[in-house]
Structure formats: C-alpha cells, structure tokens
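In what follows, a single structure is set out as structure tokens and then discussed.
This one's a predicted model, so the numbers in the text were calculated from it and none came from an experiment.
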Amino acid sequence: MEIEVRSQSDDEIVFIVRDAEVPFINAIRRVAMVNVPKIAIEDVNIIKNDSAMFNEVLAHRLGLTPLVSDLDALEGMSLPEDDDWDDYTNGIMFHLNEEGPKTVYSKDLISSDSKIKPVYDTIPLVKLKEGEEINIEAVAKVGYGKEHAKWMPTTVCAYKQYPEITFNDDVEIDYDCAQACPRGILKSDRRSKEIKILDIENCAMCKSCVRASDNGYINVGYRENDFIFRIETDGAMPPKEVLLKACDVLGEKADKFIRFSEEGGSK
C-alpha cells in the first residue's frame with residue numbers, strides 16, 4: 001500500500017491511497033468519525049438567563065462550539081471509559097457572565113485552562129437586550145463522535161475511488177463531449193486532434209461526458225484499489241492528528257481481535 005499527500009492545511013488533508021481495499025479504507029473513515037476523542041462542553045449549569053433563547057437551545061449551542069482538542073489539550077484528561085469521567089469536577093470549567101445590550105460571542109467564554117478554549121472567537125452564542133444578563137457555568141469533557149455529533153472531530157471524512165478516463169481510438173474523436181463536463185476537466189484540442197484531461201482527480205465520475213458522446217468515444221471508470229481520501233475538521237484538531245489517531249485506534253481493535261482469536265474466543 002502506498003500513500004501520497006496531495007494537499008494539507010490547518011483544517012484539511014487530501015491524500016491518495018494505492019493498492020488498498022474498500023473495507024480497509026471505509027474502516028479508517030468510520031473510526032476517524034466516531035472513535036477519535038475530542039473535547040466539547042458536556043455539562044451546563046445556567047444560573048441566570050434573561051435572554052429570549054431557551055436554556056436548552058443555549059446549552060446545545062455551547063456544546064457545539066468547537067474547542068481546541070489537539071494532543072496537548074487532551075493530555076491528562078479522562079476518557080469516557082475511565083471510572084472518574086462522570087465526576088462533575090473532572091473536566092475543564094468555563095464561565096460566561098455577560099450583560100446586555102450586546103452579542104455574546106465564543107470569545108467571551110472564560111476557560112480554566114488556557115490551552116483549551118474556543119477555536120474561533122467570533123461564533124455568536126446569544127444576543128442580549130438592555131438589562132438582560134446571562135450567568136453560566138459549563139464543564140468540557142472528552143468524548144467520542146459515536147455518542148454525540150459535538151464530539152465528532154471531522155466535518156468531512158470521505159473517499160472516492162480514483163477516476164480513470166479512457167478514449168476509444170476505433171471511432172472518430174467526439175470533441176463536443178468535453179463541453180459536457182460540469183467541472184471543466186476535459187479540454188478539446190482540435191489542433192493536436194485530442195481531448196486533454198486537465199485534472200483527473202477532480203472528476204466526479206458523473207459520466208455527463210459519456211452520455212453526451214453519440215459514438216461512445218469516451219469512457220469513465222475507476223481504479224479498483226486506488227482512492228482519494230479527504231479529511232476536514234472544524235479546527236479543533238489538525239486533520240493529520242485525526243488520521244494518525246484513527247489508525248492507532250484501528251490497530252488496537254485489530255490486535256484485540258487477533259488476541260481473541262488466538263485465545264480460542266474464551267473471553
């Protein structure tokens with residue numbers, strides 16, 4: 001198996017996986033979405049809320065506010081499988097005490113740990129009118145995406161099989177089929193008497209070009225064991241960390257299954 005990184009930024013990574021199979025690639029996708037730990041606000045104590053927003057809606061909005069959850073932030077925090085995870089004091093405390101008129105933003109959340117704070121400062125939480133006040137205490141804990149979407153580290157985690165475009169040299173070149181491509185990855189070059197492929201990896205395999213070709217000049221398919229994988233995050237965790245952690249978790253699951261098989265399935 002070969003892996004080649006196509007692009008990488010603070011919140012997105014795109015890479016090519018060659019000589020792999022669908023079950024393996026899909027396992028990485030599922031583990032990255034639901035088994036990689038992330039920090040999010042879990043317990044909310046609303047001491048005072050004079051705003052027009054219901055307490056439940058405000059608590060839900062706080063829970064979905066992305067918090068920094070990189071490896072340094074996660075170090076030393078209890079995981080859901082730990083016995084002390086349910087302890088109210090075993091988490092990161094946040095305080096929010098504001099008075100209107102103003103719009104309360106994520107930057108107004110005061111954390112007890114400088115490393116763990118909202119990823120973005122400009123997420124609006126609630127709007128307060130003159131004389132309205134909110135006073136909130138909240139606790140952030142580590143969780144998994146399989147329990148709630150607020151703990152899901154990825155906003156996009158998807159793959160597609162590597163596209164493959166071929167031409168039938170036995171028939172006349174159909175230059176018009178290139179115009180049917182909605183993503184503009186095909187270009188008709190009548191001077192050189194060919195259709196050029198500009199960006200094969202951007203092909204959605206929609207086969208609009210195939211349907212537009214009356215003589216069957218163009219064919220669109222895919223490479224069975226090659227994949228284009230994309231991971232995007234909300235900024236809470238670097239996408240590379242999500243991928244590496246997902247691989248570690250998948251490896252641990254495989255080791256448990258191997259031990260279970262070697263022990264004869266007795267446990």
Next item on the list: Give, for atom CD1 of Ile110 and atom CD of Glu137, the distance between the pair rounded to the nearest 0.5 Å.
Entry: 13.0 Å
Next item on the list: Tell me whether Leu186 is reachable from Val210 by hopping between hydrophobic residues (I, L, V, M, F, W, Y) whose side-chain heavy atoms are closer than 4.5 Å.
Entry: yes
Check: Nearest heavy-atom pair of Ser69 and Leu74: which atoms, and what distance?
Finding: O-CD1, 3.4 Å
Item checked: Donor-acceptor pair, side chain of Lys160 and main chain of Cys203, under 3.5 angstrom -> yes
Margin query: Within a 6.0 Å radius of atom CG on Asp84, are there more than 12 heavy atoms belonging to other residues, nucleotides or ligands?
Written below: yes
Margin query: Applying salt bridge (Lys or Arg N to Asp or Glu O under 4.0 Å), can you list everything that pairs with Lys196, at least two apart in sequence or on another chain?
Written below: Asp189
Check: To the nearest 0.5 Å, how far apart are CD1 in Ile41 and CD1 in Ile92?
Finding: 11.0 Å
Notebook entry, point to check: For Glu75, does the CD atom have more than 12 heavy-atom neighbours from other residues, nucleotides or ligands under 6.0 Å away?
Noted result: no
Item checked: Shared hydrophobic cluster, Ile136 / Phe94 (ILVMFWY, side-chain heavy atoms < 4.5 Å) -> yes
Notebook entry, point to check: Between Asp113 and Lys115, what is the shortest heavy-atom contact and its length?
Noted result: OD1-N, 2.9 Å
Checklist line | Neighbour count above 12 (heavy atom, 6.0 Å) for Arg30 CZ | finding: no
Next item on the list: Please report the shortest heavy-atom distance between Val68 and Ala73, naming the atom on each side.
Entry: O-CB, 3.6 Å
Notebook entry, point to check: Take atom OH in Tyr120; do more than 12 heavy atoms of anything else shown fall under 6.0 Å from it?
Noted result: yes
Note to self: According to a hydrophobic-cluster definition based on side-chain heavy atoms being under 4.5 Å apart (Ile, Leu, Val, Met, Phe, Trp, Tyr only), do Tyr162 and Ile3 belong together?
What the structure shows: no
Check: Is Glu241 reaching over with its side chain to a backbone N or O of Asp70, donor-acceptor style, under 3.5 angstrom?
Finding: no
Note to self: Whether Lys150 and Glu42 form a salt bridge (side-chain N of Lys/Arg under 4.0 Å from carboxylate O of Asp/Glu) is what I want to check.
What the structure shows: yes
Notebook entry, point to check: Are any non-hydrogen side-chain atoms of Ile25 and Val22 less than 4.5 angstrom apart?
Noted result: no
Next item on the list: Over all heavy atoms of both residues, which pair between Ile195 and Phe167 is shortest? Give the atoms and the distance, please.
Entry: O-CZ, 3.7 Å
Next item on the list: Decide yes or no on side-chain contact (heavy atoms from CB on, under 4.5 Å) for Lys102 and Asp108, but give the supporting numbers first.
Entry: CA-CA 11 Å; Lys102 68 174 297 185; Asp108 298 316; 3.9 Å; yes
Notebook entry, point to check: Under 3.5 Å, is there a donor-acceptor pair linking the side chains of Ser51 and Asn49?
Noted result: yes
Which donor-acceptor pairs under 3.5 Å do side chains of residues 218-232 form with protein atoms, sequence neighbours excluded?
from   : atom 1 : to    : atom 2 : distance (Å)
Asp226 : OD1    : Asp19 : N      : 3.2
Arg230 : NH1    : Glu12 : OE2    : 2.5

Item checked: Between Glu172 and Tyr217, a side-chain donor and acceptor under 3.5 Å -> no
Next item on the list: Any salt bridge (Lys or Arg N to Asp or Glu O under 4.0 Å) involving residues 175-184? Give me the pairs, sequence neighbours left out, ordered by first then second residue.
Entry: Asp176-Arg190
Notebook entry, point to check: Given the rule that I, L, V, M, F, W and Y join up when any side-chain heavy atoms are under 4.5 Å apart, are Val5 and Val17 in one cluster?
Noted result: yes
Checklist line | Hydrophobic cluster identity match, Leu96 and Val126, side-chain contacts under 4.5 Å | finding: yes
Margin query: I need the minimum non-hydrogen distance between Ser188 and Tyr175, along with the two atoms involved.
Written below: OG-O, 2.7 Å
